[in-house]
Structure formats: structure tokens, C-alpha cells
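Read through the structure below, which is laid out as C-alpha cells, and then see the notes.
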Amino acid sequence: MAVLSLCNVCFSYGTKNVLDGVSYEFEKGKIYAVVGKSGAGKTTLLSVLSGLASPSSGAIYYNGEDIRTIDKYRFRSKYVGVIFQSFNLLTKFTALENVELSMDIAAVKAKDKRERAMALLTGVGLDEEEANRRVLKLSGGQQQRVAIARALSYNPDVILADEPTGNLDGETQREIMEIFRDLAQQGKCVILVSHSPQVAEACDEIYELKRMRG
């Protein structure tokens, strides 16, 4: 059974059609690539999947339940983890503090939140010294790792990432994709929006969006 599915989803900005009758299914344990030319609606699709935007028509289901019946705040803070293209990290705080704050917002119950946050950062390849640096003192690749750890902080079933390797060098891109592969092997559903053929080739399934006219 799909953990997340779209049924005939449409989305429009005024008179401009962005998504038209999109029907996709996403399962746990797999990495999916959503590809398409600029303006095809890739980021819009991610916003719809995460509950940040509502489709004009059609439905989205999480474990068979229409997400319109689920509290949107709960959906985004419990079930779906989003990794933004620009990371959206709190730059005045350290990597560790960013992950801890995410846990606080999601009301994560943990005996030692700092220890759990550190374990998440270690899991994505950051050491203790890096974890205690302010975000602006980290490289782009390190910030991406923090963003992944933050998205994992409340243990969601689904990970959504917008161009997660867009500004990274080839080696770092491969390392980030290995992290996503590990997450899929742990039973997560990983959905990546990307324009990179290398990223798409590393995924289990590819969905291509076509740019709409009008």
C-alpha cells in the first residue's frame, strides 16, 4: 500500500494551470525522483505533497486517509519531513540547536533531546565540532546534512527534498544520495525533486512532469 498518493490532482495559479490530473503513488522503502523542465510544477507538487499548498481539485492520501481530514500542522510536524532547496535553517543557531528546535516544535518526547539530535547529525556525517558550529560557518554540503537531520528529527515516514544536490559538487552529491539511500533502506519514503540526471538515475522510480500550457 502506498504511504502517500495523489489522485487526479490539479493546481492553478489564477488562470495558469500548473498541475493537471496528476496521479502518483509513493511507497516506503523507495527513492522517487520527480523531474521536469523549469516551470513544469515540480516545486508546486512538493508543496502540495507536504500540505503547504492545497490542490485546486483532486485528493492526496496518507496511508489511505485524505490529508484534508488530517490537521495540517500535525501532518507537517509528524508525518512528512521537508528539506528546502535553500535549507531554511536558522542561521543564528548551531546545527545542533536547529535540530533540537525542530524536535521542540514537533513536541518530540525524548529522554535526552540533545543526545538524539547529536545522533541524527552524526548519522548524516557531521562530527561534534561541526554540530556545535553556527550554521553560517558550515559549508553548503554540511548545511544540507543539517537540513536532512532536522527533517528526520520527528521520525516522519516521508522525506520530501527540493533540489537537494543542486548546489553541491559531484562527490558531496554522491554522499548525500547515499544518505537518502540509507533512509529508504530503513523504510522511509524519499521523494526528490531534481533537474539532475545523475540524481534521477540513482532513484528507484522516476515521475516526469510536463509543462502545462495556458
Side-chain angles (χ1 to χ4, degrees), residues 4 31 34 42-43 46-53 62 70-169 171-194 196 199:
L4 199 62
I31 306 179
V34 178
K42 300 188 298 296
T43 298
L46 212 62
S47 296
V48 168
L49 284 171
S50 65
L52 290 169
Y62 172 76
I70 305 172
D71 178 77
K72 286 190 175 181
Y73 176 79
R74 181 176 179 80
F75 181 70
R76 291 196 296 268
S77 65
K78 298 289 185 183
Y79 308 136
V80 175
V82 182
I83 302 165
F84 298 95
Q85 184 174 4
S86 57
F87 310 138
N88 285 12
L89 298 171
L90 299 172
T91 56
K92 292 183 178 180
F93 295 95
T94 66
L96 195 59
E97 289 167 340
N98 267 270
V99 178
E100 288 181 299
L101 283 168
S102 178
M103 293 169 69
D104 288 339
I105 291 168
V108 172
K109 294 180 180 180
K111 188 174 182 180
D112 190 330
K113 288 183 181 178
R114 175 147 293 206
E115 182 178 324
R116 174 170 164 74
M118 188 64 236
L120 287 168
L121 289 166
T122 300
V124 295
L126 293 182
D127 61 30
E128 188 171 354
E129 190 272 330
E130 292 163 339
N132 283 288
R133 280 189 208 164
R134 285 179 60 183
V135 166
L136 285 179
K137 299 291 185 181
L138 297 173
S139 69
Q142 290 169 330
Q143 289 185 42
Q144 182 64 283
R145 294 169 194 269
V146 178
I148 295 171
R150 184 181 62 179
L152 292 170
S153 63
Y154 43 90
N155 196 29
D157 286 332
V158 181
I159 301 294
L160 304 172
D162 190 2
E163 299 286 1
T165 64
N167 299 314
L168 306 180
D169 60 72
E171 182 178 354
T172 305
Q173 175 177 289
R174 287 190 293 274
E175 291 172 352
I176 295 298
M177 287 304 296
E178 286 177 7
I179 292 172
F180 287 133
R181 172 58 59 191
D182 288 342
L183 291 173
Q185 290 175 347
Q186 293 167 29
K188 302 292 184 188
C189 172
V190 181
I191 304 169
L192 312 178
V193 162
S194 181
S196 167
V199 168

Closest heavy-atom contact between Arg145 and Val124?
-> NH1-O, 2.8 Å

Indicate the atoms forming the closest heavy-atom contact of Val135 with Ala95, along with that distance.
-> CG2-N, 4.2 Å

Ser77 meets the side-chain hydrogen bond (donor to acceptor under 3.5 Å, both in side chains) criterion, sequence neighbours left out, with none

Shortest non-hydrogen contact from Phe180 toward Ala161 | CZ-CB, 4.2 Å

Is the backbone of Leu168 close enough, under 3.5 Å, to the side chain of Thr165 for a donor and an acceptor to pair up by distance?
-> no

Is a donor on one side and an acceptor on the other found under 3.5 Å between the side chain of Lys72 and the backbone of Leu52?
-> no

Can you name the closest pair of heavy atoms from Ala117 and Glu100 and give their distance?
-> CB-CG, 3.8 Å

Beyond-backbone contact of Val99 with Phe93, side-chain heavy atoms, under 4.5 angstrom | no

CG-CE distance between Leu120 and Met103, expressed to the nearest 0.5 angstrom | 7.0 Å

Less than 4.5 Å apart, any side-chain heavy atom of Ile191 and any of Val34?
-> yes

Counting only N and O atoms by type, is there a donor-acceptor contact under 3.5 Å from the side chain of Asp162 to the main-chain atoms of Val193?
-> no

OG on Ser153 to CZ on Arg116, rounded to 0.5 Å = 7.0 Å

Backbone N/O of Phe87 and side chain of Arg150: donor-acceptor pair under 3.5 Å | yes

Does Glu130 reach the main-chain N or O of Leu138 with its side chain, forming a donor-acceptor pair under 3.5 Å?
-> no

Between Pro164 and Leu192, what is the shortest heavy-atom contact and its length?
-> CG-CD2, 4.1 Å

Rounded to the nearest 0.5 Å, the NZ atom of Lys113 sits from the CG atom of Leu96 at a distance of 13.0 Å

Give the intermediate values and the outcome of side chain to side chain contact (heavy atoms under 4.5 Å, CB included) for residues Ile159 and Ile148.
-> CA-CA 9 Å; Ile159 301 294; Ile148 295 171; over 6 Å; no

How many angstroms lie between CG in Leu152 and CD1 in Ile83, if you round to the nearest 0.5 Å?
-> 7.0 Å

Contacts of Tyr154 that satisfy ring pair (Phe, Tyr, Trp, His ring centres under 6.0 Å) - sequence neighbours left out = none

In terms of heavy-atom contacts, Ser50 and Val82 come closest through CB-CG2, 3.7 Å

Flag the pair Leu90 / Glu97 as yes when at least one side-chain heavy-atom distance between them is below 4.5 Å, and no otherwise.
-> no

Report, one line per pair, each donor and acceptor closer than 3.5 Å where one atom sits in a side chain of residues 181-190; sequence neighbours left out.
residue : atom : partner : partner atom : Å
Arg181  : NH1  : Asp204  : OD1          : 3.2
Arg181  : NH1  : Asp204  : OD2          : 3.2
Arg181  : NH2  : Ala202  : O            : 2.9
Arg181  : NH2  : Asp204  : OD1          : 3.3
Lys188  : NZ   : Asn155  : OD1          : 2.5
Lys188  : NZ   : Pro156  : O            : 2.7

With rounding to the nearest 0.5 Å, note down the distance linking CZ in Arg76 to CG in Leu160.
-> 12.0 Å

To the nearest 0.5 angstrom, please state how far the OG1 atom of Thr91 sits from the CZ atom of Arg134.
-> 7.0 Å

Should the pair Glu129-Arg133 be classified as a salt bridge under the 4.0 Å nitrogen-to-oxygen rule?
-> yes

Is Ser102 reaching over with its side chain to a backbone N or O of Asn98, donor-acceptor style, under 3.5 angstrom?
-> no

How are the rings of Tyr62 and Tyr79 set relative to one another: parallel (under 30°), tilted (30 to 60°) or perpendicular (over 60°)?
-> parallel

